[in-house]
*Asks:* 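The following block contains the structure, expressed as structure tokens.
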Amino acid sequence: MDENRRAYSLKAPGPGGPGSSMRLPGRGSFPDVDDRLVVPEATRDEIVNGRRVEASPSEAPHADQHSRLDYVLQAHAAPGYRASCDLLTRHAIDSDFASDVCVYKEGIDEVVVAER
């Protein structure tokens, strides 16, 4: 083993100038929660990375596992959190799709609302 090797280190890139605050990429340009690329409950379309796809209904094996996962997550969601299935969510500027199941905090983030 080489004892003179450099230590392993991971560093996030800086924002550019001294004294400037760090922020998440794209913050401020992200669409509002109600801005949709597809119409919920009126179509089976979803948008993934800018490409329109049709979400197909499930066959029994997938639907059965989906139901079991929903049950477990709902039972174990902490107070103040909800578990939902097939919730259409705007994931990115060019993605609006529903995951099989998700857990999210109840209520509205007042900081996000104030920034609008």
*Asks:* How long is the span from the NZ atom in K105 to the CZ atom in R82, to the nearest 0.5 Å?
*Replies:*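 CZ of R82 is found 13.0 Å from NZ of K105.
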
*Asks:* Could you walk me through whether R51 and V53 pass the side-chain contact (heavy atoms from CB on, under 4.5 Å) test, one step at a time?
*Replies:* CA-CA 6 Å; R51 195 183 82 199; V53 295; 3.2 Å; yes

*Asks:* Would you find a donor on one side and an acceptor on the other, under 3.5 Å apart, between the side chain of E54 and the backbone of E46?
*Replies:*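 No, the answer is negative, given that no donor and acceptor are paired below the 3.5 Å cut-off.
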
*Asks:* Looking at A55, is its backbone amide N or carbonyl O close enough to the side chain of R44 to form a donor-acceptor pair, meaning the two atoms are under 3.5 Å apart?
*Replies:*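 Looks like yes, one N/O pair under 3.5 Å.
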
*Asks:* Any salt bridge between R36 and D96, counting N to O under 4.0 Å?
*Replies:*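 Looking at R36 and D96, the cut-off is met.
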
*Asks:* Determine whether a donor-acceptor pair (N or O, by modelled atom type, separation under 3.5 Å) exists between the side chain of S95 and the backbone of N49.
*Replies:*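 Flag set: sc S95 to bb N49 pair under 3.5 Å.
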
*Asks:* So does V72 get a backbone contact from the side chain of H76, meaning a donor-acceptor N/O pair under 3.5 Å?
*Replies:*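 Confirmed, H76 side chain pairs with V72 backbone.
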
*Asks:* Which heavy-atom pair separates V38 from R52 by the least distance, and what is that distance?
*Replies:*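 Shortest heavy-atom separation between V38 and R52 comes out as CG1-NH1, 3.6 Å.
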
*Asks:* side-chain contact (heavy atoms from CB on, under 4.5 Å) between H66 and D86: does it pass, once the steps are laid out?
*Replies:* CA-CA 10 Å; H66 192 180; D86 300 323; 3.5 Å; yes

*Asks:* Take H62 and D100, measure what side-chain contact (heavy atoms from CB on, under 4.5 Å) needs, and give me the verdict at the end.
*Replies:* CA-CA 10 Å; H62 177 83; D100 280 348; 3.2 Å; yes

*Asks:* Verify the neighbour count for atom CD of E41: are there more than 12 heavy atoms of other residues, nucleotides or ligands below 6.0 Å?
*Replies:*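 Check fails, neighbour count at 12 or below.
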
*Asks:* Say whether, by atom type as modelled, one donor and one acceptor occur between the side chain of R68 and the main chain of Y71 under 3.5 angstrom.
*Replies:*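 Not a single qualifying donor-acceptor pair exists.
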
*Asks:* Using a 4.5 Å cut-off on heavy atoms from C-beta on, say whether the side chain of D35 contacts that of R90.
*Replies:*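 Yes, side chains in contact.
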
*Asks:* Taking V101 as the starting point, is it possible to reach Y81 by hopping between hydrophobic residues whose side chains are less than 4.5 Å apart?
*Replies:*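 Linked within one cluster.
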
*Asks:* Looking at CZ of F97 and CG of L37, how far apart are the two atoms once the value is rounded to the nearest 0.5 Å?
*Replies:*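 These two atoms lie 11.5 Å from each other.
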
*Asks:* Under 3.5 Å, side chain of T89 to main-chain N/O of L87, donor-acceptor pair present?
*Replies:*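 At least one qualifying donor-acceptor pair exists.
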
